[in-house]
Amino acid sequence: MTYNNPIESISPEGAVYYLFGATGDLARRKLFPALFSLYKEGKLSESFAVVGLARRPRTNEQFRADLYESINEFCRYKPSDADLWNRFAQHFEYMSLDINDVNGFRELNKLSSELDKRFHIPGNRLFYLALAPSLFGPVSFNLRDGGMLESEGWHRLVIEKPFGYDLPSAQQLNQQLNQVFKEEEIFRIDHYLGKEMVQNIQVIRFANAFFEPLWNNNHIANVQITLSETVGVEERGGYYDKSGALRDMGQNHMLQMLTMIAMEPPSRLHGEDIRDEKVKVLRSLRGYASSEDVRRNVVRGQYTAGSLGSKELPGYRQEDSVDSESVTETYFAAKVFVDNFRWAGVPFYIRTGKRLPVKTTEVVVEFKAMPQNVLFAQKHDLAPNLLVIRVNPMEGIYIKINAKKPGADNAVQPVSMEFCQSCQIGINTPEAYERLIHDAARGDSTYFTRWDEVSHAWEFVDRIAQAWREDKSDLAFYPAGSWGPEEAGRLLHEEGFHWWPVNGQEEDNVIWITNSGK
Ligand code: BG6
């Protein structure tokens, strides 16, 4: 199977990129560096312009100085080549804009026509809203009313999560956007879909004869998806306290990874076909039948004071902008079933949390145990085979198998064979945002979430949230720096499983064969 996405070879056409929220954190940490990397790698033609937009007054010179600093600090390429830097920076303009004032958008339209002429851009416009979701509607209306959508060429809207707070609010937001943009013009970012290893799941599954035939309930015992973070809520207490782990990570990143693992092979490797298959998985998720069912299958927790390494850490309720009696979850784990022919009876265990001992994202596929009556299993306690996809921050995969220990006594030796991708290519993996901005500029929406994905994900999550609202007594507490509430282990123990340690931290007797040099 060749990976010939039809859009793959096309470089983006010339366009003006409008960055709303240009003085914010996302622009500084992710968006400016992504644009510079794309430019340096020749993935942006010379025919482009970027307009930074925010309320704060700023000259073009100040804006370009901010740009330089951000790239110097956060980009995988440094702006050390003065000639390259000057060529890049001259594409950037800043305009102070009150997003509630349509006259400002009319001014922006004039500036846009000038930029179109200056950089030979055929009227294509990409609007990147690094803003609070409550502003998506008003900005869209003013883009329309200020004449910004009347240029020849395409118009695309890129938005960040959270896309709503629950299904009704997401529907309302979507209705607003649909008054101005068509679904195919809306690019909803889930930055996990831009991660190299999340995209690699399809290749591992559909390009390897020894995985796909086993990829079903005959051979797979369970799937575990862990997304653990060492950070707390940092400066985002205000947002996070209203959101919590379920909405912040569950509704989007975790369910998206689950769909990539569980989906059927698409009939064609086209964006819409892939997204159709993902939607089928979301439709097959078994909704929890009652609040009691939620309590049996979902565990939530909140961190209390603790320590990580030598660092003493405050509890969640002591964080800035967090309610001192907050019952917001900073951790959740769930047992999820995908009720279709392929996955009937196979539990998917998902867990995520803040202030856990390590930062890692991993998918473990645990295969069923060998029958106990075969040769080696009679004498030895054979560990199951595992396929582990390491998403973040280390990238790679490993498989764990059983082999004979050299010598006469027929002892069995577990062996892990690893392809450490990050050891191979180091920092050169493109950042998720780089890939996603490039895709949006080329009109490839494969790795953006379509409205039906978003709405099915909310349906699933809303049932959990509702049960949690009704009865808060199941909120468990865990010290910062631990692996979360112990109850999360129960979800697996009752089926005879356990969470696999992350980062391959296993028993001492495993032999590692790896390209990482360890
Ligand atoms: C974001 C969440 O979407 O993802 C954050 O809002 C979280 O709370 C972040 O920290 C994790 O992303 P990554 O790429 O660092 O794993």
Side-chain angles (χ1 to χ4, degrees), residues 21 24-31 33-34 74 76 128-133 158-165 170 187-201 225-258 260 300-303 308 313 316 319-322 326 328-332 350-363 389-396 422 427 429-437 447-449 453-454 457-458 461 480 484 502-503:
D25 220 38
L26 185 73
R28 202 167 68 88
R29 285 173 183 273
K30 301 287 183 193
L31 307 182
F74 297 110
R76 63 197 175 95
Y128 197 119
L129 271 46
L131 298 172
V158 181
I159 47 179
E160 283 285 334
K161 72 176 237 303
F163 197 81
Y165 175 80
F187 290 71
R188 297 178 194 82
I189 288 219
D190 181 316
H191 79 280
Y192 263 69
L193 290 179
K195 288 190 191 279
E196 196 59 42
M197 289 307 294
V198 173
Q199 299 190 357
N200 203 350
I201 291 173
I225 304 177
T226 297
L227 206 162
S228 67
E229 297 190 280
T230 50
V231 290
V233 291
E234 314 301 290
E235 302 85 36
R236 298 161 74 225
Y239 150 76
Y240 195 88
D241 207 31
K242 292 195 188 67
S243 162
L246 179 66
R247 293 186 177 87
D248 186 49
M249 299 290 229
Q251 190 270 348
N252 37 71
H253 310 325
M254 305 220 64
L255 287 183
Q256 283 295 327
M257 282 196 286
L258 189 151
M260 299 289 280
R300 59 173 157 165
Q302 185 189 83
Y303 64 82
L308 243 176
L313 297 166
Y316 176 68
E319 301 276 14
D320 281 350
S321 315
V322 167
S326 173
T328 299
E329 78 290 351
T330 57
Y331 174 101
F332 86 93
I350 60 179
R351 63 174 166 171
T352 184
K354 301 241 180 239
R355 289 286 190 231
L356 302 187
V358 287
K359 163 84 182 160
T360 199
T361 303
E362 252 184 37
V363 180
I389 303 173
R390 304 182 71 184
V391 174
N392 193 20
M394 293 299 282
E395 295 176 346
S422 33
I427 59 156
T429 323
E431 269 265 355
Y433 277 95
E434 229 172 287
R435 170 89 196 216
L436 294 174
I437 291 175
Y447 294 111
F448 293 83
T449 44
E453 295 179 72
V454 174
W458 274 125
V461 157
V502 297
N503 294 345

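As the structure lists them, so they are numbered: ligands from 1, and atoms in each ligand from 1.
When H253, M249, E431, H191 are ranked by how near their heavy atoms come to atom 12 (O) of ligand 1, first place goes to H191. Nearest-heavy-atom check against atom 5 (C) of ligand 1 across E229, E234, R236, K161 picks out R236.
Using 4.0 Å as the threshold, N392 has a heavy atom nearer than that to some atom of ligand 1.
Among E362, E395, E196, the one residue that satisfies the salt bridge (charged side-chain N to carboxylate O under 4.0 Å, His left out) test with R390 is E362.
The aromatic rings of Y433 and H191 lie parallel to each other, their planes meeting at an angle below 30°, with 60° marking the opposite boundary.
The shortest contact between atom 6 (O) of ligand 1 and any protein heavy atom is with D248 OD1, 2.6 Å. Looking at atom 13 (P) of ligand 1, its nearest protein heavy atom turns out to be K359 NZ, 3.4 Å. Distance from atom 16 (O) of ligand 1 to its nearest protein heavy atom, with residue and atom name: Y192 OH, 2.4 Å.
In terms of polar-atom proximity, defined here as any N/O pair under 3.5 Å, Y240 makes no such contact with ligand 1. Considering backbone and side-chain N/O of Y239, none are found under 3.5 Å from N/O of ligand 1.
In the model, T360 has a side-chain atom that pairs as donor or acceptor with a side-chain atom of N503 under 3.5 Å.
Less than 4.0 angstrom separates some heavy atom of K354 from each of these atoms of ligand 1: 5 (C), 7 (C), 8 (O), 10 (O). Near K195, meaning under 4.0 Å from any of its heavy atoms, are these atoms of ligand 1: 13 (P), 14 (O).
Taken to the nearest 0.5 Å, the NZ atom of K161 stands 7.0 Å off from the OG atom of S243. Here the straight-line distance linking atom NZ of K359 with atom NZ of K354 works out to 7.5 Å at 0.5 Å rounding.
A salt bridge between E431 and R76 is absent, with no side-chain N of the basic residue lying under 4.0 Å from a carboxylate O of the acidic one.
Stacking of R351 on the aromatic ring of Y331 is not recorded, the 6.0 Å distance cut-off and the 45° axial limit not both being met.
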